[in-house]
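Here's the structure we're looking at; comments come further down.
Sequence positions, counted from 1, serve as the residue numbers for this chain.
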Amino acid sequence: MNSAVRRRLARVAPAAALLLAVTACSSDSQEATLPSSSSASASEGEPEIAASTTPSASSSASDRSTAMNVRVTLDGRPVDATLNNSPAARDFAELLPLTLDLENFHGTERVADLPRKLDTSGASEPAAAKVGDIAYYAPWGNLALFYQDGPAASADLLILGHLDVSADQLGRADRITVEAAS
């Protein structure tokens, strides 16, 4: 992956990490829930957090069982997205808002550099990326959006969340903006 791609990825991750960190500290009573799920609280003006059991956001690790809604646009079009509650996803939320230019990588993912590397301490068990997954590739410090299923699970690839978008739309995306949900 070239350095331009890594730099672009580096611009998106900080915003998502900030968003996750802000919501993790919330203690007011406003609640957001998803169907048949438990709820978590969020302060007014802070991102919503809701329990989720989407395949890409869930794993055997408990830190990935709670999802955070974020506002994402791909090439100016809004798409539904969530970030999981992993340490890396919370660190990514700290970088929000981010707008990144995306480049193709191996006919499988769209990638961009993030402004800095994310905290990967306490990472959950590795999982193979699926279509729509938002991931962080730790060795290069970049964001990856999978429009094809990824390779086998790797400890270097951390799933941060999921985009509810077609593989075709994601595979053609040139720019992503990630912001805290309000």
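For the atom pair Lys117 NZ and Tyr137 OH, the distance stands at 10.0 Å (nearest 0.5 Å). Leu158 CG to Leu118 CG: the interatomic distance, rounded to the nearest 0.5 Å, is 8.5 Å. Note that CG of Leu74 and CG of Leu145 are 7.0 Å apart. Values are rounded to the nearest 0.5 Å. With rounding to the nearest 0.5 angstrom, the CE atom of Met68 is 8.0 Å from the CG atom of Asn85. Asn84 CG to Ile159 CD1: the interatomic distance, rounded to the nearest 0.5 Å, is 8.5 Å.
Side-chain N or O atoms of Ser121 include none that pairs as donor or acceptor with a backbone N or O of Asp119 at under 3.5 Å. When atom types are taken as modelled, the side chain of Arg110 and the backbone of Ala173 share a donor-acceptor pair closer than 3.5 angstrom. Of the possible polar contacts, none joining the Lys130 side chain to the Gln148 backbone as a donor-acceptor pair under 3.5 Å is found.
Ion pair Asp75/Arg175 not flagged as a salt bridge, since none of the NZ, NE, NH1 or NH2 atoms sits closer than 4.0 Å to an Asp/Glu carboxylate oxygen.
For residues 148-171, the pairs satisfying salt bridge (charged side-chain N to carboxylate O under 4.0 Å, His left out) are Asp168-Arg172, with sequence neighbours left out.
A pairwise comparison of heavy atoms in Leu163 and Ala81 identifies CD2-CB, 3.5 Å as the closest pair. What you find for Ala167 and Val131 is that their closest heavy atoms are CB-CG1, 3.8 Å. Nearest heavy atoms, Val70 versus Leu83: CG1-CD1, 3.7 Å. Annotation for His162 and Ile134: closest pair N-CD1, 3.9 Å, computed over non-hydrogen atoms. Closest approach of Leu157 to Ala135, counting heavy atoms only: CD1-CB, 3.6 Å. Contact record, Pro151 with Ala128: O-CB, 3.3 Å, taken as the closest heavy-atom pair.
Contact check for Ile176 versus Val72: side-chain heavy atoms found under the 4.5 Å cut-off.
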For this session: Test Phe146 against Leu170 for side chain to side chain contact (heavy atoms under 4.5 Å, CB included), laying out the working first.
Result: CA-CA 8 Å; Phe146 283 83; Leu170 189 54; 5.7 Å; no

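Tyr147 and Asn104 share a donor-acceptor pair across their side chains, judged by distance under 3.5 Å alone.
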